[in-house]
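These notes concern the structure reproduced below.
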Amino acid sequence: MNPETKKVEFSEKAQKEIREILTHYPDKRSAMLPVLNLAQAEFGHISEDVMVMIADLLDLTPPKVYEVLTFYTLLNEKPVGKYLIQLCRTLSCALAGSENILGHLKQRLGIGIGETTPDGLFTLKTVECLASCGTAPAMQVNGAFYENLTRGKVDKILDDLKRGAQPVLKPMGEN
Amino acid sequence: MKYEKVLHKNLETPGYAGSLADYERLGGYLAIRKALKEYAPAQLIDLVKRSGLRGRGGAGFPAGMKWDFLPKDPAITRYLCCNADESEPGTFKDRQLIERDPHQLIEGMMLAAYAIGARVGYIYIRGEFVYGAQVLQRALTEATRAGYLGKNILGSRTEIDLHLHRGAGAYICGEETALLESIEGKRGLPRTKPPFPAIHGLYGKPTVINNVETLSNLPHIVNRGVEWFISIGSSPKSPGTRIFSVSGHVNRPGNYEVPMGIPLRELIYEQAGGVRNNKRIKAVIPGGASAAFLTESSLDVKMDFEAIAQVGSMLGSGGVTVMDEDTCMVRAALNLMEFFAHETCGKCSPCREGSSWLVQIMRRIEHGHGRAEDLDQLVRICNNIGGKTVCAFGDAEIAPILSTLKHWRSEYEYHVKEKRCMAGDRGEELVGIGRH
């Protein structure tokens, strides 16, 4: 373990939530994903410091946290942009033209898959099936669905986000 | 034809927002009251067994029988898990049930928990369903405040607590033992079976894992009875309705709740509005990416477990993906192979290594560098994965390649020989899967 790891702490609100989460399970380790999800919401990504803190919290060694962190694709080990764009590449979206949307996103943002814009605003990723096949092509921005994508719709989404609009969580087919 | 909606009845009612008040207004939570009053847990298990309800997640295992495998000693702690990890490509029915009618699922879970004697249940929802998780959490809070969850529910001596557990991005966690590992805070690696979860499940205790749609059927079976349930669909083996998620080249993609056993042709042409631009159908996947591709000649197959198996595929998750005559089958199979190669958990060598070999060969063929011996090599690798892994993922991942090779071998041969694709031109709108 890196001896220079910094001490990090969850906010009061998150600590309260963690105390509640721990009551849900007979075993502390089960709080792993809930706490990792919470940590990502709080810190943006799971740094080594955060990993060590979570290991302490759950009475585990850090590798037990690390092996979970590296298994689940939604958990980020490295920082990502303010807006994480996750475009579905799987069959139904591909049949609906997701490759065109990907090309357009790359062109508009000037970055490739897995990269972040220099201003730190956008990270672009392709992901597997998002269960949005009836409203394809689809993507998520920070967990909010955007569906039935066209180039024009992508332009509007990007412009709105640049203007400071926040992604809004909505049911299937309404965004 | 129009059919009576059951699971979709509430959410297709104008103005229905899925709140507790909405759900109660349309008869919600009457089934659990009835069950607590009229049925002992063993009687409820018997009722569900007699209904013939089969799992809607993929395997189609009879739900009542799954419950009945649990040890009878009430002193043994047992758990209920709801599989809301919907990740099978082409499937989006559970997402809608969760987002639009969360209390129907919660009541279904209460019935299941009561039947098997579970005091605690977990809803394992995939991490990407951020909105769905918010809706469910709100509904769980409402249900707890109203006395439906917690101690002494509805004045009975029954205690049921349900907790939401969010995943974090892993298709394999839909496999029920991987799901349990994930709840336990580990990597989602499927367990070797036996022992099955009914004996050794979550925290080593007897556990039942049921899918969202399966559980959402329960209030209706309790309210309306076994006779009613088996009067719908293809009895005796495939009773009830089924929600099919139809996507791909159809005019009206979406979720359609229909009696099990309607012809595939009716589902595509009447429910989903037919094929876009009046094109012909080349291929249909009838039950999610793990199910073998079917050709146009199978369109009259009945959409039930047995009939689909007879034509060499499976009803699986109910995800129906339609591909028109211009679709490149090599490209489509490659797309799904890339999915599986990305999602293999890495536990079993045949699947871990084989999936990446299959992707490499498929990419080679697709990009005009295929070799004549590649087609037999694909089959050889597939045959060394199928049946040789701990979980069903191995059998699933070989379905797209084996079935497309079987039905459209000439397309593969054309790619190898001519170094390009023979599929029609689909224009700039749909570049990619068509000619390239």
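FYI, side chains are in, hydrogens and waters are out, and symmetry mates aren't considered; it's all heavy atoms of this structure. Here is the naming used below: chain letters follow the sequence lines, and residue numbers restart at 1 for every chain.
Using modelled atom types, one finds a donor on one side chain and an acceptor on the other under 3.5 Å when comparing B/Tyr203 with A/Ser30.
For B/Tyr256, no part sits under 4.5 Å from any heavy atom of chain A, backbone or side chain. For B/Thr321, the part lying near chain A is the side chain, with the backbone staying farther off; criterion is any non-hydrogen pair under 4.5 Å. Heavy atoms closer than 4.5 Å to chain A are found nowhere in B/Ile98, neither backbone nor side chain. Residue contact with chain A, scored on non-hydrogen atoms closer than 4.5 Å, is absent for B/Val250. Using a 4.5 Å cut-off between heavy atoms, B/Asp94 does not touch chain A at all. Contacts between B/Phe340 and chain A at a heavy-atom distance below 4.5 Å are absent for every atom of the residue. Proximity to chain A (any heavy atom under 4.5 Å) is shown, for B/Arg252, by neither the backbone nor the side chain. Both the backbone and the side chain of B/Glu338 come within contact range of chain A, judged by heavy atoms closer than 4.5 Å. Both the backbone and the side chain of B/Ser182 come within contact range of chain A, each with at least one heavy atom under 4.5 Å from a heavy atom of that chain.
Relative orientation of the A/Phe145 and B/Phe129 rings is tilted, given thresholds of 30° and 60° on the angle between their planes.
With values rounded to the nearest 0.5 angstrom, A/Glu174 atom CD is found 7.0 Å from B/Tyr131 atom OH. Note that CG of A/Leu74 is 8.0 Å distant from CZ of B/Arg126, once rounded to the nearest 0.5 Å. Taking CZ of B/Arg100 as the start and CE of A/Met172 as the end, the distance is 8.5 Å to the nearest 0.5 Å.
Looking at B/Glu128 and A/Val127, their side chains never come closer than 4.5 Å, going by heavy atoms from C-beta outward. Using a 4.5 Å heavy-atom threshold, the side chains of B/Ile183 and A/Leu33 count as separate. For the pair B/Cys173/A/Tyr72, a side-chain contact is recorded, criterion being any heavy-atom separation below 4.5 Å from C-beta on. Between A/Ile21 and B/His163, every side-chain heavy-atom pair lies at or beyond the 4.5 Å cut-off. Put simply, the side chain of B/Arg166 does not reach to within 4.5 Å of the side chain of A/Pro34, judged on heavy atoms. Side-chain atoms of A/Glu128 and B/Tyr171, non-hydrogen and from C-beta on, never get closer than 4.5 Å to each other. Contact annotation: the side chain of A/Leu91 never approaches that of B/Pro89 to less than 4.5 Å [non-hydrogen atoms, C-beta and beyond]. Inter-residue side-chain proximity for A/Phe71 and B/Ile172 is flagged as met; some heavy-atom pair is nearer than 4.5 Å.
Among A/Asn142, A/Thr135, A/Leu130, A/Leu60, the residue with the largest count of heavy-atom pairs under 4.5 Å with chain B is A/Leu130. Interface check for chain B: of the options A/Cys93, A/Gly143, A/Cys129, the most heavy-atom pairs under 4.5 Å are formed by A/Cys129. Of the residues considered (B/Glu86, B/Lys186, B/Gln96), B/Lys186 shows the highest number of contacts with chain A, using heavy-atom pairs under 4.5 Å. Heavy-atom pairs under 4.5 Å with chain B peak, among A/Ala144, A/Ser132, A/Gly173, A/Gly103, at A/Ser132. Between chain A and the options B/Gly188, B/Gly90, B/Ala272, B/Ala170, heavy-atom pairs under 4.5 Å are most frequent for B/Gly188. Across A/Gln140, A/Arg89, A/Glu67, the residue that shares the most heavy-atom pairs under 4.5 angstrom with chain B is A/Arg89. Most heavy-atom pairs under 4.5 Å with chain B, from the set A/Lys28, A/Met32, A/Gln86: that is A/Met32.
Atom OH of A/Tyr66 is surrounded by 12 or fewer heavy atoms from other residues, nucleotides or ligands within 6.0 Å. Heavy-atom contacts from other residues, nucleotides or ligands closer than 6.0 Å to NZ of A/Lys162 number more than 12. Shown here is B/Lys347, whose NZ atom has more than 12 heavy atoms of other residues, nucleotides or ligands within 6.0 Å.
Nearest approach of A/Val68 to B/Gly185, heavy atoms of both residues: CG2-O, 3.3 Å. Pairing each heavy atom of A/Asn37 with each of B/Ala168, the nearest pair is OD1-CB, 4.0 Å. Nearest heavy atom pair, residue B/Gly248 against residue A/Leu95, reads CA-CD1, 4.0 Å. For the residue pair A/Pro26 and B/Tyr122, the shortest heavy atom distance occurs at CD-OH, 3.8 Å. Residues A/Gly134 and B/Ser247 share a closest heavy-atom pair of N-CB, 4.2 Å.
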**Request:** Using the side-chain contact (heavy atoms from CB on, under 4.5 Å) rule, take B/Arg187 and A/Thr70 through it: C-alpha gap first, then chi angles, then the decisive distance, then the call.
**Result:** CA-CA 9 Å; B/Arg187 293 167 79 98; A/Thr70 52; 3.3 Å; yes
